[in-house]
Asks: 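A single structure is presented below for examination.
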Amino acid sequence: MVDLETTHRPEGELTEYKNPPSGDIHREIDYLNDLAWDLRDTDLQRAQSLAENARSLVESHGDGSASCRLGLAQSLRTLGYLNFRLGNY
């Protein structure tokens, strides 16, 4: 889980990996998913944006590894939860 100090990082830190260096993609996907899940009940719009970014990273840069598949599953879980909370069903 991400601590409260982490949830207040500037958005620039979250988007610095538009073209992530090899080896860092898994860490970035995990970070985005953890932060999105932590914000799911307090900042739904930001959580949705973060989960969508994680999903996009997996789809565009994923290597098919178990870690990437897990990252995709976590982003979809968060998006499903948020859509439920927002009444998008």
Side-chain angles (χ1 to χ4, degrees):
M1 289 289 181
V2 177
D3 63 28
L4 290 178
E5 290 178 20
T6 306
T7 62
H8 299 292
R9 289 184 181 192
E11 288 295 325
E13 287 185 32
L14 300 175
T15 59
E16 71 183 33
Y17 288 113
K18 293 217 186 246
N19 295 308
S22 178
D24 288 341
I25 187 69
H26 301 115
R27 187 174 52 109
E28 183 69 7
I29 292 166
D30 289 345
Y31 175 76
L32 290 170
N33 279 325
D34 287 346
L35 187 54
W37 189 249
D38 286 346
L39 294 173
R40 72 191 181 277
D41 292 318
T42 57
D43 190 345
L44 279 67
Q45 302 303 323
R46 184 166 181 222
Q48 184 174 27
S49 175
L50 293 167
E52 288 171 353
N53 286 341
R55 183 182 68 184
S56 292
L57 278 176
V58 171
E59 291 173 347
S60 63
H61 298 290
D63 56 12
S65 67
S67 179
C68 279
R69 291 192 310 271
L70 178 61
L72 179 60
Q74 290 174 333
S75 66
L76 293 173
R77 173 210 52 195
T78 302
L79 291 169
Y81 177 83
L82 292 169
N83 279 312
F84 175 78
R85 290 281 318 273
L86 294 167
N88 298 331
Y89 38 81

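Everything quoted here is computed from the prediction, not taken from an experiment.
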Asks: Look only at the side chain of Arg69 and the backbone of Gly64, and say whether a donor-acceptor pair between them is shorter than 3.5 Å.
Replies: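 Looks like yes, one N/O pair under 3.5 Å.
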Asks: With a 4.5 Å cut-off on side-chain heavy-atom distances among I, L, V, M, F, W and Y, is there a chain of contacts connecting Leu76 to Tyr31?
Replies: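 Leu76 clusters together with Tyr31.
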Asks: Carefully, step by step, assess Asp41 and Arg85 under the rule side chain to side chain contact (heavy atoms under 4.5 Å, CB included).
Replies: CA-CA 9 Å; Asp41 292 318; Arg85 290 281 318 273; 2.5 Å; yes
Asks: Working to the nearest 0.5 angstrom, can you tell me the gap between Ser49 OG and Leu44 CG?
Replies: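 One finds 12.5 Å between OG of Ser49 and CG of Leu44.
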Asks: What are the two closest non-hydrogen atoms of Trp37 and Thr78, and how far apart are they?
Replies: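 Where Trp37 meets Thr78 most closely, the heavy atoms are CE3-OG1, 3.4 Å.
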Asks: If you apply the rule side chain to side chain contact (heavy atoms under 4.5 Å, CB included), what do you find for Leu57 with Asn53, and how did you get there?
Replies: CA-CA 6 Å; Leu57 278 176; Asn53 286 341; 5.7 Å; no
Asks: Arg46 and Leu39: which non-hydrogen atoms are nearest, and at how many Å?
Replies: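 Result for this residue pair: NH1-CD1, 3.8 Å.
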Asks: If you look at every heavy atom in Leu50 and Ala36, which pair is closest and at what distance?
Replies: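 It is CB-CB, 3.8 Å.
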Asks: Let me confirm one number: the OG-CD1 distance from Ser67 to Ile29, rounded to the nearest 0.5 Å.
Replies: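 With rounding to 0.5 Å, OG (Ser67) is 7.0 Å from CD1 (Ile29).
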Asks: Which value, rounded to the nearest 0.5 Å, describes the distance between Asp30 atom CG and Cys68 atom SG?
Replies: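 If I round to the nearest 0.5 Å, the distance is 9.0 Å.
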Asks: Is there a path of hydrophobic side-chain contacts, each under 4.5 Å between heavy atoms of I, L, V, M, F, W or Y residues, that connects Leu35 with Leu72?
Replies: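 Shared cluster, yes.
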Asks: Please check this pair: side chain of Arg55 against backbone of Glu52, looking for a donor-acceptor N/O pair closer than 3.5 Å.
Replies: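 No; zero donor-acceptor contacts below 3.5 Å.
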Asks: Roughly how far apart are Ile25 CD1 and Arg27 CZ, rounded to 0.5 Å?
Replies: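 CZ of Arg27 is found 10.5 Å from CD1 of Ile25.
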Asks: Nearest 0.5 Å please: distance from the CZ atom of Arg77 over to the CG atom of Asn33.
Replies: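 CG of Asn33 is found 7.0 Å from CZ of Arg77.
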Asks: What's the verdict on side chain to side chain contact (heavy atoms under 4.5 Å, CB included) for Leu70 and His26, showing C-alpha distance, side-chain angles and the deciding distance?
Replies: CA-CA 10 Å; Leu70 178 61; His26 301 115; over 6 Å; no
Asks: So, do Gln74 and Leu32 sit near enough that their side-chain heavy atoms are less than 4.5 Å apart?
Replies: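 SC-SC contact between Gln74 and Leu32 ruled out.
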